[in-house]
Structure formats: C-alpha cells, structure tokens
Amino acid sequence: MNRMFDDPLTGSASTPLARIAELADQCVMCGLCLPHCPTYALDATEAESPRGRIRLARALADGSLTGDLNPVREYLDHCLSCGQCERACPSQVRYGELLVQTRAIIGPAPQRPTRLLDIVSHPRLATPLIRLARVLRAPQWMPALLERVHSGTATSMRAALRMLGSSPSRGAAARSDTRPAPTPERPRVGLFPGCMASEQEAAALKAVERLLDAAGFAVQHLPVRCCGAMDRHDGLPARATRAARATEKDWRHADSPETVLTITSGCLDTLRHDLPATRVEDALDFLARHADRLRFRPLALRAALHVPCTRGSESTGEDAALRLLRRVPELDVQVLPTAPGCCGAAGSHALTFPARAERLRAIKLEQIDDLAVDRLLSSNIGCRLHLAAGNPALPTEHPLTLLERQLESA
C-alpha cells in the first residue's frame, strides 16, 4: 500500500509529527530538485522550493515552528504536487507523502474555495448547474462582472467560469448495458467515471468504451463518484477516507472487476489505495498494451500532446498516449516540453491560487505557440480546461476522442 495514504490523524508505528520528521530527515539538502520545481522557477526563492518546504515541515514536526502558521504556510499551500522533485531526487525522498501528512495536520489553505470544490466534486450538484450556466451563457458575461468584486471567492469563481467556457458539454456518458456482455473471449473491465470527468469528459468516456469494445473487452461502468484525491491532497483526510470507503463499496456491488480503468490520471493513486484487491490502470496504458487489435484511419493534422504531471510517474519510456497516437497514419504529434513543469491546474490549485496558475499557464501556452499546432491533446481534464481558458481559439480534446474518431470501423 502506498504510505502516502496512511491516516495522518491516527498514525501507526509513530505519531504523525514523528512520521513527518522521519520523512524530512531523508532529505540531504543537496538542492538537485530545485531546477525541476515549477514554483521555484516562478519565484526563485528557497521557501518556494521542495527543500524549503521540507525545512518548514521539519520545523513544524520538531516544535520550532509554532503559533500563527499563516506567514509561512502559504509556501506549503503553493506546492503543485507535480512530483517533479521526487523523480529528480537521488535520495528518493517521499516528498508527496511528506506534503500530504503535513497538510493533514495544518488543514486546507485558507484561500481554498471549499464550497465551489464541493459542487465540482458532486456531479448531481455540478451537472445541472453547469448546464444552466451554459444556457445562460454565464462564462461569457459573468467573469467581467466578477472583476469588480475584490474577494477570493469571486476570483475563484471567475477562474472556474473561464474554464467552464473553454469546453462545451458533450452530454451524458454511455452506459455499459449498450455493449456486449462479458464472455471468456470478451473479458470484463470496470470503468471509473470520476466526478467532474463524468460530465466534462462524457465524450472521452464514450470513446474509451468504444475503443475497448473494438479491442475485445466488455465494459462495466462503476457509479459516478469523487475518488477523494483533491480532499486528501488539500489536507482533508477524513473526507478522503469517506470517499475511499464509498468507492470500495461501489466496486464490491459491481461484482469486484479484476481490472478497473480510469481516463482521469489524477485519480490513479487514490483508486489504487481504495481498491487494493484489483488492478487499477490508466485506460491509455491498458489500450496501448492491446493496440495491435486496433486500426486507425489517416488524419492529416499537427497536434501537441500535453503529458500531465499525474502521468509523469506512470509511463516507462514513451508515453502510452503517444504510442497510440502514432498508430494514426499522417498524424503529426509534437510532445509539449515537460520543463519547467506543471501547467498550474494541479487539482484545486487553479481555483485556490488563480493568479499563480495563470503565470504557470502562460509558460505552457508559449510552448504550444512555438509548436504551431492545430490542436492540443491532454488526458487530464483539469489541465485541458485550464489551458483552453488561456487560449479559447485552440481546439482541445482528450486523446481518446481523437483515437475513437479515427477507428477504421467508424
């Protein structure tokens, strides 16, 4: 089990503060992580680096950091959890676990738009409100109105509306009862639809079901639900634990499929923790292993592929999305440079710190402009909405929808 998900409020062999101290002491302060950290690149200050944040966490653990934490906690809150530092660290410091454990003790960022994120993570609330906002064309006129309101809530709402306006709804996701039942020749896989993705990625959910069908698999949808990843990373472990229990219950009610797929890479680590008795994979990785069963029509197009931070630790060698896309004849795929790291979406970060997120996004948009592409492909819905909000003229989509359109049988 990934120890990033140990409950920091109960502890196990040691207290939460002792565990933080243990993790922090693994760092030798060499600084090799600094060139890989997007927030350090943004601000060039030690406190906005992994090394600086580790020092703050260590001071919290040993009691030398007491009283009002607000003057220093913002540096911890700014972290994007992109994982770039872990991949560069020669000492293999478990920075992600350290950050989760520390945030669980200090709680969520004061700027965190909790009510807005609660709506986003509950599709029964979010779906009708999103559709109403689009009917009223709120993304077109409301952000300008909110510019006059100087508050954190208004700023977060303005960022959310701009992201909402960057991607039209594609309707409800396809259901598994429209597909052939599993047989020995057609093994079953479960599909976790997520929360925001169940609405915003409805087209990609339909696409992956059709691609899996073409590859010879029967698909069973798990219920629409938030996996709890944002709550856990934002310092709300009790809420994340409730989400984990609900996900595990849904899996059992679905007759415990041996393989569960997701099209949302940000859910992967959480689902693997929640469902330890099954194999959880990104649908792109699963399809890439069975790509010899798929044939695609040519497409004369130049596209940029954005590989999200949440996929950076998943792929070994060439990214699975890139391997699949290269099977489409005539498609010219340009991989967006990973440096200097995260685009700024980072779960709740784009809504909690929208000004910082826009600065990080500007770097990525400049890289996209340099590639002179016709389309942007990204498998992370948060990244795609965030990037599209910065350049509404550039078409964006999930790699799965492009692949499904080019299926030879289409």
Side-chain angles (χ1 to χ4, degrees), residues 4 8 16-113 152 155-156 159 230 232-236 309 312 338-364 386:
M4 180 185 292
L17 289 176
R19 178 58 182 163
I20 291 172
E22 178 187 350
L23 290 166
D25 288 344
Q26 293 173 359
C27 177
V28 298
M29 300 293 164
C30 66
L32 292 177
C33 58
L34 270 63
H36 301 273
C37 177
T39 58
Y40 182 77
L42 206 63
D43 298 291
T45 60
E46 177 74 9
E48 290 287 359
S49 73
R51 186 171 63 185
R53 294 184 178 108
I54 289 172
R55 284 180 172 143
L56 288 175
R58 187 65 176 86
L60 177 69
D62 65 22
S64 59
L65 183 61
T66 59
D68 183 12
L69 297 180
N70 285 328
V72 296
R73 67 164 295 158
E74 194 169 69
Y75 300 122
L76 292 166
D77 294 333
H78 284 170
C79 179
L80 303 156
S81 301
C82 67
Q84 298 278 3
C85 57
E86 283 198 31
R87 291 189 279 276
C89 180
S91 302
Q92 298 183 327
V93 174
R94 299 167 65 96
Y95 178 79
E97 180 187 348
L98 173 66
L99 188 69
V100 167
Q101 298 277 351
T102 304
R103 283 177 172 169
I105 290 175
I106 66 175
Q111 303 95 323
R112 186 180 192 266
T155 303
S156 297
M230 278 200 299
R232 191 172 299 279
H233 281 276
D234 287 356
L236 296 165
C309 301
T338 55
C342 182
C343 69
S348 63
H349 186 269
L351 300 182
T352 304
F353 302 103
R356 293 182 63 82
E358 287 174 10
R359 291 171 62 195
L360 290 163
R361 180 178 64 194
I363 299 170
K364 287 296 172 189
H386 178 56

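Computed from a predicted structure; not experimentally measured.
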**Q** Are T352 and D77 close enough, and set up right, to give a side chain to side chain contact (heavy atoms under 4.5 Å, CB included), and what steps lead you there?
**A** CA-CA 9 Å; T352 304; D77 294 333; over 6 Å; no
**Q** Closest heavy-atom contact between H36 and A88?
**A**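 Reported closest heavy-atom pair: CD2-CB, 3.4 Å.
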**Q** Can you measure from NE2 (H386) to SG (C343) and round to the nearest 0.5 angstrom?
**A**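 Between H386 NE2 and C343 SG, I get 5.0 Å after rounding to 0.5 Å.
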**Q** When rounded to the nearest 0.5 angstrom, what is the spacing between CG in L65 and CZ in R73?
**A**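 Reported value, rounded in 0.5 Å steps: 11.0 Å.
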**Q** Nearest 0.5 angstrom please: C89 SG to R51 CZ, how far?
**A**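 Those atoms lie 12.0 Å apart.
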**Q** List the atom of A346, the atom of C342, and the distance in Å for their closest heavy-atom pair.
**A**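 Between these two residues, the closest heavy atoms are CB-SG, 4.0 Å.
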**Q** Tell me whether the rings of Y75 and H78 are parallel (<30°), tilted (30 to 60°) or perpendicular (>60°).
**A**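 Ring orientation, 0 to 90° scale: perpendicular.
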**Q** Closer than 4.0 angstrom, basic N to acidic O: yes or no for E86 and R94?
**A**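 Salt bridge between E86 and R94, a charged N being under 4.0 Å from a carboxylate O: no.
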**Q** Do the side chains of R356 and D43 get close enough for a salt bridge, i.e. N-O under 4.0 angstrom?
**A**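 Salt bridge present between R356 and D43.
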**Q** Would you check, one step at a time, whether the test side chain to side chain contact (heavy atoms under 4.5 Å, CB included) holds for Y95 with C33?
**A** CA-CA 11 Å; Y95 178 79; C33 58; over 6 Å; no
**Q** What do the steps show when you test L69 against L76 for side chain to side chain contact (heavy atoms under 4.5 Å, CB included), and what is the final call?
**A** CA-CA 11 Å; L69 297 180; L76 292 166; over 6 Å; no
**Q** Roughly how far, to the nearest 0.5 Å, is the CG atom of D25 from the CD1 atom of I20?
**A**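 Answer for the CD1-CG pair, I20 versus D25, is 11.5 Å.
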**Q** Compare all side-chain heavy atoms of R53 with those of C79 and state whether any distance is below 4.5 angstrom.
**A**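 In contact.
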**Q** Are side-chain heavy atoms of Q111 and E74 found at a separation under 4.5 Å?
**A**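 Heavy-atom side-chain distance check passes, below 4.5 Å.
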**Q** Quick one: does any side-chain atom of T39 pair with a main-chain N or O of E48 as donor and acceptor, under 3.5 Å?
**A**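 Looks like yes, one N/O pair under 3.5 Å.
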**Q** Nearest 0.5 Å, what's the SG-CD1 distance between C27 and I54?
**A**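 Result: 4.0 Å between the selected atoms.
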**Q** Any side-chain heavy-atom pair from R58 and R55 closer than 4.5 angstrom?
**A**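 No, every pair of side-chain atoms sits at 4.5 Å or beyond.
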**Q** Can you see which heavy atom on L98 is nearest to which on A57, and at what distance?
**A**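 So the two residues come closest at CD1-CB, 4.0 Å.
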**Q** Rounded to the nearest 0.5 Å, what separates atom CZ in R112 from atom CG in D234?
**A**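 Atom-to-atom, R112:CZ and D234:CG are 4.0 Å apart.
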**Q** Can a donor-acceptor pair be found, under 3.5 Å and without considering hydrogens, that links the side chain of R103 to the backbone of P108?
**A**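 No.
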**Q** Using only atom types and a distance under 3.5 Å, with no angle test, would you say the side chain of H349 pairs donor to acceptor with the backbone of G344?
**A**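 Pair found, side chain donor or acceptor close to backbone of G344.
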**Q** If you compare all heavy atoms of I105 against all heavy atoms of P16, which two are closest, and at what distance to 0.1 Å?
**A**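 Minimum heavy-atom contact is CD1-CB, 3.9 Å.
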**Q** Look at the side chain of K364 and the backbone N and O of G341, then say whether any donor-acceptor pair between them is shorter than 3.5 Å.
**A**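 Yes; judged by distance alone, with no hydrogens or angles, the pair exists.
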**Q** In the structure I gave you, are the side-chain heavy atoms of Q26 and S91 within less than 4.5 Å of one another anywhere?
**A**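 No, too far: nothing below the 4.5 Å cut-off.
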**Q** Under the side chain to side chain contact (heavy atoms under 4.5 Å, CB included) criterion, do E46 and L34 qualify, and how do the steps go?
**A** CA-CA 9 Å; E46 177 74 9; L34 270 63; 4.0 Å; yes
**Q** Measure the shortest side-chain to side-chain distance between C309 and L80 over non-hydrogen atoms and say whether it is less than 4.5 angstrom.
**A**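 No, too far: nothing below the 4.5 Å cut-off.
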**Q** If I compare all heavy atoms of A357 with all of A350, which pair ends up nearest, and what's the gap?
**A**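 Heavy atoms of A357 and A350 come nearest at CB-CA, 3.7 Å.
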**Q** Which atom names give the shortest non-hydrogen contact between L23 and V93, and what distance separates them?
**A**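 Looking at all heavy atoms of both residues, the shortest contact is O-CG1, 4.1 Å.
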